[in-house]
Every structure is written in C-alpha cells, then in structure tokens.
Amino acid sequence: MNILVVGSGGRENALAWKLAQSPRCDALFIAPGNGGSPNTLPIDPLDFEALAKAIQTHAIGLVVVGPEQPLAEGLVDFLRERKDLGPLKVVGPRRAAAMLESSKDFAKSFMVRHGIPTAKHKTFTKQELVEGYRFIDSLRPPYVLKADGLAGGKGVLILPDADTAKRELSLMLKTEKHSEASPKVVIEEFLPGKECSVFVLSNGKDFVFLPTAKDYKRVGEGDQGPNTGGMGVVAPWPHSSPEFLAEVERDIVRPTLLGMAEEGQPYTGFLYVGLMVVEGKPYVIEYNCRMGDPETQAVMPLIKSDLLPWLEGSAGGNWPEDMLESEAGVAATVVLCANGYPGTYETGMPLRISESDRALVFQAGTRRSGEHLLSQGGRVLAVTGLGADLEEALDVAYGYLSENPWSAGFYRRDIGYEWLGESKA
Ligand code: AMP
Ligand code: GLY
C-alpha cells in the first residue's frame, strides 16, 4: 500500500518513520514534509485539490492527516467525498468531529452534556463582558482564560488575580490585534494537579489506547516562561497504571466516543485527551483531534505492533482483533529550538545531524538547500532516547544533544527530571 502523511513537523516524520516499518507499506510520501522527510511532495496541507491530485498520481491507499488545521477545515470530508480517488482510507476526524479541538466552547458544552469530568466553566462574548467579570469574581484565583478557536497552543492564559483576568478578558474580546483575540472566551476554574496526555485511535466505536505521555509546554526550565508547542516528553506518563487507564476509559474515553456517535458525529482517527489529574482523578482540560507534537516522537517508538492495521481500521477497514503491543521501557524526547523561540527567531541557520545508533533524531523545523540542512522553524529537532528506565532514556537523548552542540539553538535541560528517583520511573 502507498501511504501519504500530510504535515511538515516532527510529528509527521515520526508517523512516517513508524509506518515505513510496516511490511505492508510499499511507498511513503509526506506533503510537504521537511528537511528530514523521505519522498516529500511540495503541497500545502490546506490545498485540498493538490492533495487529491497527488493521491491519484501516486496511487495512495491511505492518508494520515497530522496537523489540526486541515482537519478543522474539512480535509477528511473532502477526500472521503471524492469517489474518483478509489478505495482511499483517510485517517482523521471529519470537520464536525474535529470541533472537539477547534472550538473550546463546543468541547466544554459537549463535556457538560455527557457528564465528562472537566473544570467548571462559562463562555462569554463581547456583549457579555460584565457577566464575564461577575463569573471571574465567583471563582478563586488563579483564573484560566481560553480563546475559543485554534490558537497553536497559544490561546490559554493563566492569570494570578481578578483584576488582571478582567483586563485580559476585555482585551481578548475587544481587541482584534491582541494575540489571544477571540469572539468567544471560555473562562474556567483552575485545576491544580498533574498533567497527562492520553492518546486513542478510534473508528468511531472501537478504540485502542496508545502509550500515555507527559508533555513539557513551557519554554523555560522549572516550567517557567511562555507556553510553546512542546519542549519535551516523557512516555509513558510515569504515574500511569492499569487502574488509572481503566478510569480514564470509563469516565472519559467511552463517554466521549459514545457522545460523539449519539450526536451524529462519530469520532474517527487519533484523539488526544489532555488531562489534569487532581488527587488521582482525571479531568479533561483539552481535546485535540490529532496526535501531539512532540508527543508522537516519544509515543511511536514505544509501539511494538505494526500500526497500519489500526490506522486502516480507524478509517473504515476491519478493526484488528489483537492487542496493540507496546515496547517495555521508557521514551524521553527533548526538543532543540532556535534561539528566541517561542518569540522571534532566525531561520536558515546551518545544521548537521550525525548518525546515532542510540538516539532517534526527528527533524521538525528544517529544510534542505542543496547539500545543506538549514533550520526553518522554532522547534528544529526532536531527539528521542529509549531506555529500560527514564534515566537511561534521558541519558540517550541528552547525550546526543551534548555531543552535537548547535550554537543557534537551545533546549530544556530538565525534561523528566522531576520523575527521576521515583520507583516507577
Ligand atoms: P490547553 O491549550 O487547553 O492545553 O492549555 C494549555 C495549558 O494550560 C495546559 O497544558 C495546562 O497546563 C494549562 N491549563 C489549561 N486549563 C487549565 C485548568 N483548567 N487548570 C489548570 N491548568 C490549566
Ligand atoms: N504538544 C502539545 C500539542 O501537540 O498540542
């Protein structure tokens, strides 16, 4: 089977890396990919017509859509309706189901309708500013404000006091130029706890768990500074247990899939559930309609089974009867960023990637220029180490980064460190 992965980040390279190992993968393409992708097709993921044409040209049998934007804009609907593309399987949710990520307001109301545990919330528009202020006064600090639409990880503000929260609410609703501007803002209760990311792949009814993960979103060590797309990952989540996953399945995953099916929008493809675990109990803080980046770069190497049958199953094929097997051990991913990220940074900086027999190096913001590899984005590489335990996995990832210094970039040096020394790590 010929496979097309849509997207250009480290996530897409990790998906491609995994799928290329399937005995049933004949050829694999990435559109548009980056400097580290095999068989790149220079197509914008939002140019649906050009993607359809490439699918015909390369006799593609399965498409995996990596990023949220084409999903939110209906790529899956578009491709499924194109009968001229043959028996094509498309992995991902339709536009209406992708609203679990593309509208925080939809996601929150959905959770309330289906009794899925989440932080108490209300949504406000520009006309409801005064009600918004009153709601802020009814909550305890800190205050969580979320822009309604897709915001590339930058639409959430956590504010220490009511005055700042009111000022930001007003700016978000009234100032179009504000970076978190949105016609609707969700205000929610702050949940103090431990974050955990859960990934499932579903055909709308059946589903399978992929390894869990812990993502490091803040740019600075000790979780300081602004939010980023993700600076590092530990997988599986160090506190995961069969009992915890059973609770997540019962209280969150099943009601989510059942609820979407009941509402006439069965959820297919990858679903990423961002949890806050408060005193052992999981609450949903966000849904994403795709895999995480850089979580995929840690999760894929932990999957032992061939993923292709499950992807086909999620896109209308037979759902596999067997278990999805994971590797024993731990994966740790550290992201190498361009200096300045997540603010402004330079691109076009030369970069060398050396062969490593231990670390997996997934390219993200890179491009090729003739013989040279150049940086092209804020998050440049994701380096994954695998080990029998967390310490070994971190040694592999950090070992690679210290042996291959890059003066135009930086990385967080504390990924996973809070878990070291714990018996489960
Ligand atoms: P989100 O984009 O919804 O994942 O939010 C970004 C980050 O804000 C999350 O990873 C959490 O660290 C934090 N966050 C979001 N919602 C809450 C909440 N209700 N309580 C505490 N922290 C939150
Ligand atoms: N790493 C966070 C995300 O992919 O949303």
Side-chain angles (χ1 to χ4, degrees), residues 7 9-12 14-15 66-69 71-72 98 100-108 111 116-123 135-136 139-160 165 180 182 185-199 210 212-219 223-235 237 270-279 281-300 333-335 337 341-342 362 364 378-379 382 412 415:
R11 167 183 48 211
E12 285 72 28
L15 286 166
E68 59 276 20
Q69 216 186 339
L71 293 166
L100 280 182
E101 174 168 4
S102 63
S103 169
K104 299 255 186 214
D105 180 38
F106 172 81
K108 294 294 293 192
M111 286 186 264
I116 296 166
T118 188
K120 195 169 105 181
H121 88 289
K122 274 195 177 152
T123 303
F135 188 61
I136 288 173
L139 296 174
R140 272 183 299 177
Y143 304 91
V144 183
L145 269 52
K146 299 187 172 184
D148 181 50
L150 289 183
K154 298 190 185 84
V156 176
L157 294 176
I158 299 187
L159 303 160
E180 285 91 13
S182 173
V185 173
V186 171
I187 304 181
E188 68 180 36
E189 169 194 33
F190 180 85
L191 296 174
K194 288 186 176 11
E195 277 186 66
C196 165
S197 305
V198 166
F199 305 98
L210 308 184
T212 54
K214 152 79 185 165
D215 171 31
Y216 292 78
K217 289 204 174 75
R218 300 291 194 97
V219 72
D223 289 330
Q224 302 297 314
N227 260 332
T228 68
M231 300 294 292
V233 183
V234 169
W237 186 58
F270 291 109
L271 178 66
Y272 160 164
V273 192
L275 300 176
M276 190 66 85
V277 185
V278 185
E279 289 164 10
K281 185 173 160 51
Y283 292 81
V284 177
I285 51 173
E286 65 168 346
Y287 289 112
N288 292 309
C289 62
R290 51 172 174 85
M291 282 300 290
D293 188 341
E295 291 91 326
T296 310
Q297 293 89 307
V299 166
M300 288 299 137
T333 300
V334 181
V335 176
C337 300
Y341 175 79
F362 295 108
R379 294 187 297 163
R412 262 182 75 162
I415 302 303

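Read the numbers this way: they start at 1 and go in the same order the structure lists the ligands and their atoms.
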message = Can you name the atoms of ligand 1, numbered from 1 with element, that are less than 4.0 Å from a heavy atom of K146?
response = 3 (O), 15 (C), 16 (N)

ask   = So, is E195 polar-close to ligand 1, with some N/O to N/O distance under 3.5 Å?
value = yes

message = If the cut-off is 4.0 Å to any non-hydrogen atom of K104, which atoms of ligand 1 fall inside it?
response = 1 (P), 2 (O), 3 (O)

remark   = A student checking ligand 1 against M276 at a 4.0 Å heavy-atom cut-off should list atoms 21 (C), 22 (N)

message = Is it true that K217 and T228 share a donor-acceptor pair across their side chains at a distance under 3.5 Å?
response = no

message = Does K281, at its NZ atom, have more than 12 non-hydrogen atoms belonging to other residues, nucleotides or ligands within less than 6.0 Å?
response = yes

request  = With a 4.0 angstrom cut-off on heavy atoms, strictly below it, pick out the residues next to ligand 2 and order them by chain and number.
outcome  = D215, G229, Y272, N288, R290, G292, D293, P294, E295

inquiry  = As an exercise, identify every atom of ligand 1 less than 4.0 angstrom from a heavy atom of E188.
reply    = 16 (N), 17 (C), 18 (C), 19 (N)

ask   = Between E101 and A98, is there a donor-acceptor pair closer than 3.5 Å when you use the side chain of the first and the backbone of the second?
value = no

request  = Select one of side chain, backbone, both or neither to describe which atoms of I158 lie under 4.0 Å from any atom of ligand 1, heavy atoms only.
outcome  = side chain

ask   = Between the side chain of E295 and the main-chain N/O of A213, is any donor-acceptor distance below 3.5 Å?
value = no

ask   = Applying a 4.0 Å heavy-atom criterion (strictly less than), which segment of K217 is in contact with ligand 1: side chain, backbone, both, or neither?
value = side chain

query = Within the side chain of R379, is there an N or O that forms a donor-acceptor pair under 3.5 Å with the backbone of A364?
reply = no

ask   = Taking 4.0 angstrom as the limit, do K108 and D148 come out as a salt bridge?
value = no

task = Quick one: look at V156 and ligand 1, take heavy-atom pairs under 4.0 Å, and tell me if it's side chain, backbone, both or neither.
result = side chain

note = Short version for L191: what comes under 4.0 Å of ligand 1, heavy atoms counted, is both

message = Tell me whether K120 is salt-bridged to E188, with the criterion being a basic N under 4.0 Å from an acidic carboxylate O.
response = no

request  = With K214 as the cation and Y216 as the aromatic partner, state whether NZ or CZ is under 6.0 Å from the six-membered ring centre and within 45° of the axis.
outcome  = yes

message = Under a 3.5 Å cutoff, is there a donor and acceptor pairing between the side chains of T123 and D105?
response = yes

query = Side chain of W237, backbone of D215: donor and acceptor closer than 3.5 Å?
reply = no

